[in-house]
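See below for the structure under consideration.
All values below come from the heavy atoms of this structure, side chains included, with hydrogens, waters and symmetry mates left out.
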Amino acid sequence: MEHADCGDERLVAEGEVAVARLAIDSGDLPHAADHLADAVISDPQLPELHEALAELCAAAGGPAAARELFPLDGQVYLGTVVCRAHVEAAAGDWDTAIGLLASAIQYEPGRPWADAAWLAREDLPGLVDPDAVAQAVARAAGSLPDPLPAELASAVQPFEDFVQAVVARHPDHALLLAMASGLTRRLGSTARAVELAEHAHRLAPGHMPSVMLGNALRAHGRPERALAVWEAELGRAGAVLDDSSSYLAVDVAELYGALGRPADGLPWLDRVLAAEPDHPKAAPARHGLRHAVDGSTAHLLALADHHRAHPDHDYAQDLLERFSHREPWLGMVPGATEATVNVLHQVLADPDTTRDNEIDCSVSALEPPSSLLAVHLALPRVTVGYQAVPEPDPRRPLRESATRVWTWDGTDPRPAVAPPGPESAELVRATAEIVWPTVPAAYDHAVRLAGLPLDDLVGVLAHPPAPREDKLGQALLGHQPELWVRAVQTFACLGIAHHRTDQPWPDSDRRRVLLDLLLGPEDWVVEAAGFALVAIGWTHPETRADIAAQLQLRLHYCDEARRTRLVTMLRSVGALMLAAPWLPPADLDLARQLVQADKAGKTGKADKTGEAGKVKEAPAPAPVPEPEAEARPGGFFRRLLGRR
């Protein structure tokens with residue numbers, strides 16, 4: 001839920017309280033209760049709110065009678081829950097009040113629900129049932145991130161203070177100690193969390209204390225000890241795993257992975273799957289550990305296939321996001337290595353550079369024409385000249401095609417397509433991203449481009465719009481404009497992948513155009529089209545064999561070309577092929593070799609000259625910040641929550 005700033009919230013709450021008091025005066029108590037429930041959402045700490053709530057209870061005949069004004073049956077409004085908690089506290093039903101407050105924390109932990117005067121009463125710890133408090137802690141803490149970020153921790157801290165006071169009154173209540181350990185751990189007090197969990201484990205060495213002790217030990221930097229505790233508990237449980245112990249076995253397996261021993265964790269997952277083939281976490285965890293063992297993207301593809309077959313198994317999606325993060329093509333557009341981009345970075349790093357700088361740059365050999373788009377995006381008055389055309393000629397397509405993005409006047413490239421319409425360009429501008437959670441997420445995100453004319457989607461490849469006018473867009477324009485160009489081309493091609501999906505794939509316009517681009521002249525457009533094809537393969541398994549055959553053509557061409565000249569996009573193309581693990585093993589091996597050869601600088605050298613002659617290795621460009629989901633309404637980024 002989004003909230004206005006504090007001043008606006010208080011004004012809203014004061015208005016709701018004023019209306020509630022008018023309703024109380026007129027005898028319309030349900031109406032008054034509704035307005036107080038709205039007020040508590042806006043400003044839970046407003047003194048007038050709590051005064052009006054006391055007035056409502058008095059008008060109803062006392063707090064016990066006022067319960068009916070805040071019903072909890074059916075779909076319940078959060079404000080109703082919080083008001084009911086305060087009414088229950090006024091009625092002296094402390095256990096119910098604390099349970100409802102915990103529910104509010106569970107639903108929206110960033111609000112100061114627990115900053116209530118009655119929760120801070122010194123005598124309250126002696127008035128509550130420790131069993132009820134343990135259940136309330138489990139409810140509140142179970143969905144909290146681990147660890148809690150500071151903005152949430154401050155809101156939850158009063159509840160933690162109350163829980164610790166109850167623990168002091170009931171120091172030998174094993175369940176309360178175990179649950180309190182989980183909340184304390186999330187608030188960063190890992191040593192105290194270990195202390196509580198160890199005491200609970202000594203009192204009642206069962207499943208839950210063992211789980212909580214292992215979590216506390218792991219958070220406190222003692223993972224080997226956590227592993228020993230968990231494996232001992234699984235040994236005590238016996239050979240047959242029940243529902244709770246199967247989840248613990250998954251935790252054991254993943255802790256082996258975190259310790260750099262993923263192969264040791266696999267037998268635990270095999271044991272879970274033998275007993276429960278449809279376990280919601282075991283199969284995804286197994287794919288994750290196998291990826292940790294050999295690094296193959298085949299296991300990431302298996303995670304995507306698993307989630308498509310089991311959409312309720314969110315853990316597969318969570319793991320896929322984790323392993324795709326910041327990986328070339330799996331979670332972001334790769335950088336560029338052209339000499340023109342190298343020079344561009346150097347010029348942009350000079351604090352005296354402005355968009356009006358006139359610079360003549362000479363490069364020894366022809367480079368992908370899209371690199372000029374990046375240069376002119378940031379420095380429109382820069383001139384780049386190419387001294388020679390290497391062999392094989394990068395201007396020649398691998399096959400004749402109807403779709404052409406570029407044409408050349410000698411060594412000077414120019415667009416062969418018209419610019420897109422303004423509305424189409426703006427939609428692509430609003431859609432393009434330099435990072436994405438997963439390959440299927442990028443494919444799904446681009447569906448908003450499905451209705452654009454095909455000519456506009458092709459046109460934007462050579463006529464990219466300017467970056468968005470936000471912090472990220474400014475950073476890209478000022479430091480790495482090539483990433484924006486590549487993002488625009490990538491999402492334009494993903495838009496082509498959604499064009500006329502009613503057409504069967506083999507004879508579709510989307511297939512024809514994407515293959516024309518993939519097998520066209522050597523350019524960043526080739527990579528963008530290749531990624532769109534890879535994304536189609538990830539989401540539509542029936543297309544994989546056909547797409548593999550087309551990707552092979554580009555892969556083998558790059559391998560042949562690199563033997564006689566520099567292929568600037570070699571590493572990126574290799575990473576793209578590895579993102580399509582359904583390619584034949586020999587081709588995947590070749591892709592790995594190309595990536596490693598490029599990293600090792602074994603693909604040849606090219607002279608990189610600028611206005612001052614030889615250009616040195618470019619300094620690393622200024623870091624580009626992560627996109628912020630909150631600043632992008634409708635974006636597809638989401639935060640991963642911590643473990644239990």
Side-chain angles (χ1 to χ4, degrees), residues 329 333 366-373 392-408 413-420 424 428 432 443 446 449-464 485-540 543-558 560-561 567-569 572-573 576-577 579-580 583:
W329 293 121
V333 290
L366 197 67
E367 292 187 328
S370 288
S371 61
L372 294 182
L373 295 178
D393 189 339
R395 299 170 299 180
R396 289 198 299 264
L398 275 61
R399 72 173 194 188
E400 292 302 318
S401 64
T403 309
R404 296 180 58 199
V405 176
W406 298 104
T407 188
W408 280 263
R414 56 184 174 84
V417 290
S424 295
V428 173
Y443 177 82
L449 305 177
L452 296 186
L454 195 56
D455 287 346
D456 280 359
L457 288 169
V458 175
V460 82
L461 298 173
H463 302 278
V485 172
R486 289 168 72 78
V488 167
Q489 293 176 335
T490 295
F491 277 87
C493 287
L494 287 171
I496 296 171
H498 286 284
H499 179 76
R500 291 293 308 273
T501 52
D502 59 311
Q503 296 177 337
W505 170 251
D507 300 315
S508 64
D509 290 338
R510 62 191 186 281
R511 178 183 184 274
R512 172 183 57 80
V513 173
L514 287 174
L515 292 188
D516 283 350
L517 298 175
L518 174 73
L519 303 177
E522 196 165 301
D523 186 51
W524 296 351
V525 168
V526 168
E527 302 171 70
F531 177 69
L533 289 165
V534 167
I536 292 171
W538 273 68
T539 52
H540 297 81
T543 66
R544 290 174 185 171
D546 174 50
I547 289 171
Q550 310 306 323
L551 293 174
Q552 285 176 289
L553 297 175
R554 176 54 70 176
L555 173 67
H556 288 282
Y557 174 82
C558 287
E560 289 297 321
V567 179
T568 58
M569 60 185 193
S572 178
V573 168
L576 180 64
M577 301 301 159
L583 265 65

According to the interplanar angle, ranging from 0 to 90°, do the rings of Tyr443 and His540 count as parallel (below 30°), tilted (30 to 60°) or perpendicular (above 60°)?
perpendicular
Side chain Ser572, main chain Met569, donor-acceptor under 3.5 Å: no
| field | Donor-acceptor under 3.5 Å (Gln503 side chain, Asp509 main chain) | value | yes
Value for CG (Leu533) from CG (Leu515), rounded to nearest 0.5 Å, stands at 5.5 Å
- Message: When you measure from the side chain of His463 to the backbone of Val417, do you find a donor-acceptor pair of N or O atoms at a distance under 3.5 Å?
- Response: yes
Rounded to the nearest 0.5 angstrom, the CG-CG distance for Leu457 and Leu517 is 10.5 Å
Distance col, row Leu373:CG vs Leu461:CG, nearest 0.5 angstrom, shows 9.5 Å
When rounded to the nearest 0.5 Å, the distance separating CH2 of Trp406 from CD of Glu522 is 14.5 Å
Would one find more than 12 heavy atoms of other residues, nucleotides or ligands at under 6.0 Å from atom CZ of Arg395? yes
Item to complete: Answer yes or no: is there a side-chain heavy-atom contact under 4.5 Å between Val428 and Leu452?
Response: yes
Q. Between the side chains of Glu367 and Thr568, is a donor N or O closer than 3.5 angstrom to an acceptor N or O?
A. no
Self-check item: Arg486 side chain to Trp524 backbone, donor-acceptor under 3.5 Å
Solution: no
Between Arg399 and Asp516, does any side-chain N to carboxylate O distance fall below 4.0 Å? yes
(request) Report yes or no: does Arg500 contribute a side-chain atom to a donor-acceptor pair with the main-chain N or O of Arg510 at less than 3.5 Å? (result) no
State, with a plain yes or no, whether a side-chain heavy atom of Pro464 is found less than 4.5 Å away from one of Gln489. no
